[in-house]
Every structure is written in structure tokens, then in C-alpha cells.
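Chain letters run A, B, ... following the sequence lines, proteins first and then strands; every chain starts at 1.
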Protein chains: 2
Amino acid sequence: MAKIKENKQASTEEKIKEAARKVFTQKGYAATRTRDIAEEAGLNLALLNYYFRSKEKLFEMIMKEKMQQLFGVMTHLLNDKATTLDQKVEQIVSNYIDMLMQNPDLPLFVLSEIRNNTGMFRQLQVGKLIRNSHFVKQLKERQPGLQPLHFIVSMLGMVVFPFVSKPVFQSLEVLSEDSFAEMMKQRKVLVPKWMKAMLKVK
Amino acid sequence: MAKIKENKQASTEEKIKEAARKVFTQKGYAATRTRDIAEEAGLNLALLNYYFRSKEKLFEMIMKEKMQQLFGVMTHLLNDKATTLDQKVEQIVSNYIDMLMQNPDLPLFVLSEIRNNTGMFRQLQVGKLIRNSHFVKQLKERQPGLQPLHFIVSMLGMVVFPFVSKPVFQSLEVLSEDSFAEMMKQRKVLVPKWMKAMLKVK
DNA sequence: GTCTATACAAAGATAGAC
DNA sequence: GTCTATCTTTGTATAGAC
């Protein structure tokens, strides 16, 4: 599915979007100035309002993209009838870590922005999708005593929390950039093993 | 250590600080307007600058308080020579959950603000404190093959991530306020068990 | 110490030339 | 489509009366 027009240099519109992605995810909506975005794009401030009506409209567009990115990783895996529970966990963990290594600011960005604007998620039907998923069904079979949400939150926490807390551990000087990458690589193997062990508890 | 003056109504200075705590932790520095704080305190805007020199100074004061609160929970427990590793985990998990139930916005607040201002943590000597702790020593003895940081990040993730991701799960309509409280109560018991099981893996 | 009114600065949006 | 210059709004800080 290649683009029809594939210019060497991105279009102005795309330059703005790319700059907006970077600045918004790094600093958050409120701390971002439209001037930052224009500068990052190497363009004039007026062009932002020419292509997108306002800061808010531009933000909403980026936000939708980012939420899609964050949930898209797992939604189709959840309903794969062909895989076992353990295989699903392996795939979700591995895919998430790969994606987040490419987008380390993504989780904190989405989590912070949702705080002030809870309505933003309503449109996505992810909630129903999770509740009715094959994954949740398999979970209930394996461990009837455990609330599926406990397991899901734990699994995602194992994967996402390192990215969210990275700045803290780095400034505490207990973690370098390299050792973080190494750690996340190890987690691809460790987390699924841990989750298996957890399901046997009690 | 009771205060000498304990007036029925808080002093103006304390009213401002209390309002600032609330608004800053809910919305973050950039999204907070000094007018919000004044209004929340039921006071005039000019008083903020009378008692604290600027928005930034007021923020720094609150931020120091909040970081103290976040780390204070565990620092003394880490070096308790009288407790076993398992007991330390139980205590840290339990204390953290209790404290965070009272301050649910705290983690996301600190994590977001640190992102833009990494230097803020340098002053705290928490890094060294962790590395040299009795807790880490016990961890290394129990499971020489496992990086202590893996364990610490996992443990904190199990406890903190639910608070950070709560707004998401709530807007996905898979979690109510009541069931969240119930879930965290269960986690006081579950997380230590899980951590024990994880230490046996591999 | 507390308030009202206002100055000043920063940031978003737009007009109009090219 | 892109730019410079400018208007407008919003938010922080201060002056000065009480």
C-alpha cells in the first residue's frame, strides 16, 4: 500500500504534523507553544493556521493518531483464535516493547492528556473489544479466581511502567540509556515467564 | 510534634498552598493558571504574589513536598535490617497503596513534570540510597541472576501503574471507582505473592 | 494583610503583501 | 502557498488604596 505521491521532501502539511507529533508528545498540550511547532518544522507560524484551523484542532488530530498507535498494537492479537493464552502474552509483550522503543514518550503523553480530557477515549470501542475478547475468555478459564483486569493491568504495567518511569530512574542515576535498552530486551523474555508464574499463584 | 498555633481556620498562606497542591497535581504546571489557584483558595490573585514571589516559586515548593511524599514511603523501609525481603515487599506495597489511595494524582503528576525538568531529582540522594540499601543486598542474595532494577521496576509498576492508568480504564468503561478501590485492596495481598513467585522463575 | 485596578509579557490567531 | 507584521486574548506580576 504505497503512497501514490512520494516526494523526496515531505509536503508542508506533513512537515507540520511531524513537528507537532514531536513537540506535543514531548511537552504535552499546555506546555507546547505553536511557535515551537513552527520552529521545529522550519516554517512560519501562520502556516499552522492555514493548514489546521487552530492549535486545538492540530492537537486532536495528533492525539487520535497516537491513541490508535497505542491500542492498535494489541487489539487484533486479543481475538486471535489460533493462539494460546501464553502465546498471546508473548506477542503482546514483544510487540509493545518494540513499538514503545520507537515511541518512548507515547505512554506518558497519552496518560497525561487523558487526565484532563476523559471524554477523548469514549469514541474508541476498545472497552467492549477487551471485555468480549478471546484473550479474556482464555484468562477466565485458566484462572477463574482472578479478575482479568488484575492480570491485564499487571501485564501492561510490566511493559509500560519502565517507559513512564525511565526519566526518574535516569535522574536518580541508577539507569543509563544503554542499560535501559538492554533491560527492555530482557523483558521480552522475562515478562511472559513472570506472567505464567503469576497465574499459578494461589 | 504538634503545631504551636493551631487555628480553627487555616492561615491564608496555608489556604494558598492547599489550593496549589490540588490544582497543580490535577492539571500540571503548564495547564494551571494562577487564577485557578486563587479561586480554589477563595482568595484574591494578588495574594499569591504577596506570599510566594511567583507561580514558579510556589510550584517548586509544592513539587519538593510531593517528591518527599513519594519517596518517603519507602526509603526507611529499604534499610531495615530486622525484616526479611518478603516482609519488606509486603510493607512497601501496602504502604504505597495506602498513601496513593489518599493521593491518586501524585504519580502521574510527578512523572509528567519530571519529564520536562530532569534536574529536579538530582538534589535528592535517593539513587545512592537505593543502590546501597539492605533491600538490594537481599535481592542479590535471593536471585543472583536477576538485575535488582528489574525487580524494583516490576514491583513499583504493579503498585503505581494502576493509578496512572486508571483514567484510561475508566473511560474505556471497564473499571468503576468502587471496583478500583476493591482492586487495590486485593493487590496488597496479591502483589507480594506474585513477586515471590517471580523470584523463583528461571 | 487584603483588595481593585492595571501594567506587562507571552501566545494564539489573522490580515494582507507577495 | 508562504511570508511579515499585527491584532487579540490570556495569564503573570505589580502599584496603590484601604
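- The distance between atom CG of Leu47(A) and atom P of dA15(C), rounded to the nearest whole Å, is 15 Å.
- In this structure, the CD atom of Glu39(A) is 18 Å from the C1' atom of dT2(D), given to the nearest Å.
- Lys166(B) forms a cation-pi arrangement with Phe180(B), by the criterion of a distance under 6.0 Å to the ring centre and an angle within 45° of the ring axis.
- Ion pairing of Glu18(A) with Arg21(A) is present here, as a side-chain N (NZ or NE/NH1/NH2) and a carboxylate O approach within less than 4.0 Å.
- Within the structure, a side-chain polar atom (N or O) of Thr34(A) is placed less than 4.0 Å from OP1 or OP2 of dG12(C).
- The listed nucleotides are dT14(C), dT4(C), dG1(C); the one nearest the side chain of Asn44(B) is dT4(C).
- Atom C1' of nucleotide dA13(C) and atom CZ of Phe59(A) are separated by 19 Å, given to the nearest angstrom.
- With respect to Lys27(A) and Asp36(A), a salt bridge is recorded, a charged nitrogen being found less than 4.0 Å from a carboxylate O.
- Of the residues near DNA chain D, Gly42(A) and Arg35(A), the one whose nearest nucleotide (by heavy atom distance) lies more toward the 5' end is Gly42(A).
- Electrostatic pairing of Lys22(A) and Asp105(A) does not count as a salt bridge here, judged by no charged N lying under 4.0 Å from a carboxylate O.
- The CD atom of Glu56(B) sits 15 Å away from the C1' atom of dA9(C) (whole-angstrom rounding).
- Heavy-atom neighbours of Gln69(B) CD from other residues, nucleotides or ligands within 6.0 Å: above the threshold of 12.
- The nucleotide whose nearest atom lies closest to any side-chain atom of Ala46(B) is, among dA13(D), dT4(C), dC3(D), dT4(C).
- Listed pair Asn49(A) / dG12(C) fails the phosphate criterion, with no side-chain N or O lying under 4.0 Å from OP1 or OP2.
- The distance between atom OH of Tyr29(B) and atom C1' of dA10(C), rounded to the nearest whole Å, is 12 Å.
- Leu45(A) has its CG atom 11 Å from the P atom of dC3(D), to the nearest Å.
- Not one side-chain nitrogen or oxygen of Ser54(A) sits closer than 4.0 Å to the OP1 or OP2 atom of dG12(C).
- In this entry the distance linking CG of Leu48(B) with C1' of dT4(C) reads 16 Å, nearest Å.
- For Lys55(A), taking side-chain heavy atoms from C-beta onward, the closest of the listed nucleotides dG12(C), dT14(C), dT14(D) is dG12(C).
- One finds no side-chain N or O of Tyr50(A) lying less than 4.0 angstrom from the OP1 or OP2 phosphate oxygen of dC3(D).
- Look at NZ on Lys15(A): it is 14 Å from C1' on dC3(D), rounded to the nearest Å.
- As judged by a 4.0 angstrom heavy-atom cut-off over every strand, Arg33(A) is placed among residues touching the sugar-phosphate backbone only.
- Distance from the side chain of Tyr51(A) is smallest for dT2(D) among the nucleotides dT4(C), dT2(D), dT2(C).
- Residue contacts for Phe52(A): at a heavy-atom cut-off of 4.0 Å it reaches no nucleic acid atom on any strand shown.
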